[in-house]
Amino acid sequence: MVRANGAVSLRELARVVQTSEVTVRRDVRALEAEGLLDRRHGGAVLPGGFTRESGFPQKSHLATAEKTAIADLAANFVEEGEAIVVGAGTTTQELARRLARVPGLTVVTNSLLVAQALAHANRVEVVMTGGTLRGSNYALVGSGAEQSLHGLRVSRAFLSGSGLTAERGLSTSNMLSASVDRALVQAAAEVVVLADHGKLGTDTMFQTVPTDLITRLVTDEPPAHDDRAATELQALADQGVQIAVAGGQGGSAGVGGPGAGGDAVPARQQQRRDVPLPGPRRQVPGGGGAAGGLRSAAMLGEQGAGAERARVADLRRR
């Protein structure tokens, strides 16, 4: 199937061979060890190392449920009247479909797929960069795209990529795409990365966004057995990245929920789960945390009142 299509999802493999995704994942891992394929983004692709990149037809069939959940959740971070940039990719295309009904939104993009998703949104203004069309992912790249972004300033950028690690941040397999993504980052006050759990721990050739520039990661719930993804999430959180998990506990966006099938999701209709970042806890004077601090203040108040009554009684005796 990989040889015929260039890529295949684990979900599709499990359906075809009539077994569980856990079994398929184990078999794919064994095939990867033999050099017959590479595991990527909830599926498998033809082997090719760091330099190979799947085209749009292959990417569009990988981790589709995860991308839908991520897009549903990411749409909640967009406010009415905002100006944002949206990079190229199949996950950002899903996000664009959900932004079509956000009033007063301005979207700057180098992706023909994103622009197409917003083409009939009468309350959204779409600004395309210049550049040369890269047919494999329908994106505008090159010096023309980068120069058109000079002097631009927006509230936040939504980007995807081929891999994400705590050590290097977001990366991609193509040099031209990486260069444009870096220009998009420079135009934004905040950077939101959209990446399914299959990309976590995957490192590709060209860095686009270093970890210290990533404000937030929107991802899906990793499977219980996926230690690599869980470890990478914790490492990213330790470096200050805010983690929003779709489809996890707390009622986050789920597969087939509101917005599935391309309908827009009104902002904040869905809940989200942010993983709290580790850090030193501020101690309240008097110990015992916040409650202890309140108790200490009450005790001081009672002591002060008692001292005042004693002083008044002494004055009366005099």
Side-chain angles (χ1 to χ4, degrees), residues 56 60 67-131 137-141 145-161 170 177 180-196 208-209 213-220 242 244 246 252-253 257-272 274:
F56 171 74
S60 62
K67 292 172 184 177
T68 297
I70 289 169
D72 287 342
L73 181 55
N76 292 327
F77 296 106
V78 180
E79 303 283 351
E80 294 183 7
E82 265 195 294
I84 62 174
V85 295
V86 180
T90 52
T91 310
T92 52
Q93 179 190 26
E94 288 295 324
L95 171 63
R97 290 171 177 158
R98 287 147 181 81
L99 299 180
R101 296 180 187 172
V102 180
L105 188 65
T106 300
V107 177
V108 181
T109 185
N110 69 318
S111 169
L112 298 187
L113 299 176
V114 169
Q116 183 184 38
L118 295 169
H120 300 291
N122 55 15
R123 291 180 290 179
V124 177
E125 181 179 1
V126 180
V127 179
M128 294 290 298
T129 68
N137 65 345
Y138 299 93
L140 297 172
V141 297
E146 296 171 38
Q147 290 173 8
S148 66
L149 294 167
H150 288 171
L152 181 70
R153 193 63 173 172
V154 298
S155 58
R156 49 180 67 90
F158 291 86
L159 298 175
S160 188
L170 189 67
S177 296
V180 174
D181 281 354
R182 284 192 288 267
L184 292 172
V185 169
Q186 292 298 318
E190 297 180 1
V191 177
V192 181
V193 170
L194 313 181
D196 63 78
T208 57
V209 189
L213 292 183
I214 299 175
T215 307
R216 188 187 305 272
L217 165 65
V218 183
T219 186
D220 63 298
Q242 301 173 43
S252 298
D263 294 335
V265 179
R268 267 149 301 287
Q269 273 193 359
Q270 301 177 65
Q271 296 177 339
R272 60 178 180 253
D274 288 348

Next on the checklist: Minimum heavy-atom separation for Gln93 and Ala117, please, with both atom names.
Outcome noted: O-CB, 4.3 Å
Item to check | Minimum heavy-atom distance between Val85 and Val154, given as atom pair plus value | outcome: CG1-CG2, 3.8 Å
Checklist entry - Taking the side chain as C-beta and beyond, is there a heavy-atom pair between Val108 and Leu152 under 4.5 Å? => result yes
Checklist entry - Roughly how far, to the nearest 0.5 Å, is the CZ atom of Arg182 from the CG atom of Leu170? => result 11.0 Å
Item to check | Inter-residue atom distance Phe158.CZ - Thr92.OG1, 0.5 Å rounding | outcome: 11.0 Å
Checklist entry - Does the side chain of Leu159 come within less than 4.5 Å of Leu184's, by heavy atoms? => result yes
Checklist entry - Arg153 and Gln186: which non-hydrogen atoms are nearest, and at how many Å? => result NH1-O, 3.3 Å
Checklist entry - If you round to the nearest 0.5 Å, how far is CD of Glu80 from CZ of Arg123? => result 8.0 Å
Checklist entry - About how many Å separate OG1 of Thr129 and CG of Leu140, when rounded to the nearest 0.5 Å? => result 4.5 Å
Next on the checklist: Within this structure, what is the CE-OG1 distance for the pair Met128 and Thr109, rounded to the nearest 0.5 Å?
Outcome noted: 6.0 Å
Item to check | Donor-acceptor contact below 3.5 Å, side chain Arg156 vs main chain Phe77 | outcome: yes
Item to check | Nearest non-hydrogen partners of Gly87 and Val114, listed with the distance | outcome: O-CG2, 3.8 Å
Next on the checklist: Looking at every non-hydrogen atom in both residues, tell me the closest pair between Ala88 and Asn137 and how far apart they are.
Outcome noted: CB-ND2, 4.2 Å
Checklist entry - So, Thr106 side chain and Glu125 main chain: donor-acceptor pair closer than 3.5 Å or not? => result no
Checklist entry - For the side chain of Ser155 and the backbone of Ala83, is there at least one donor-acceptor N/O pair under 3.5 Å apart? => result yes
Checklist entry - Between the main-chain N or O of Val192 and the side-chain N or O of Thr215, is there a donor-acceptor pair closer than 3.5 Å? => result no
Checklist outcome for this item: All heavy atoms of Leu118 vs all of Ala96, minimum pair found to be CD2-O, 3.2 Å
Item to check | Salt bridge present between Asp196 and Lys67 (N-O < 4.0 angstrom) | outcome: no
Item to check | CG-CD distance between Asn76 and Glu79, expressed to the nearest 0.5 angstrom | outcome: 9.5 Å
Next on the checklist: So Glu146 and Asn110, do their side chains get closer than 4.5 Å, heavy atoms only?
Outcome noted: no
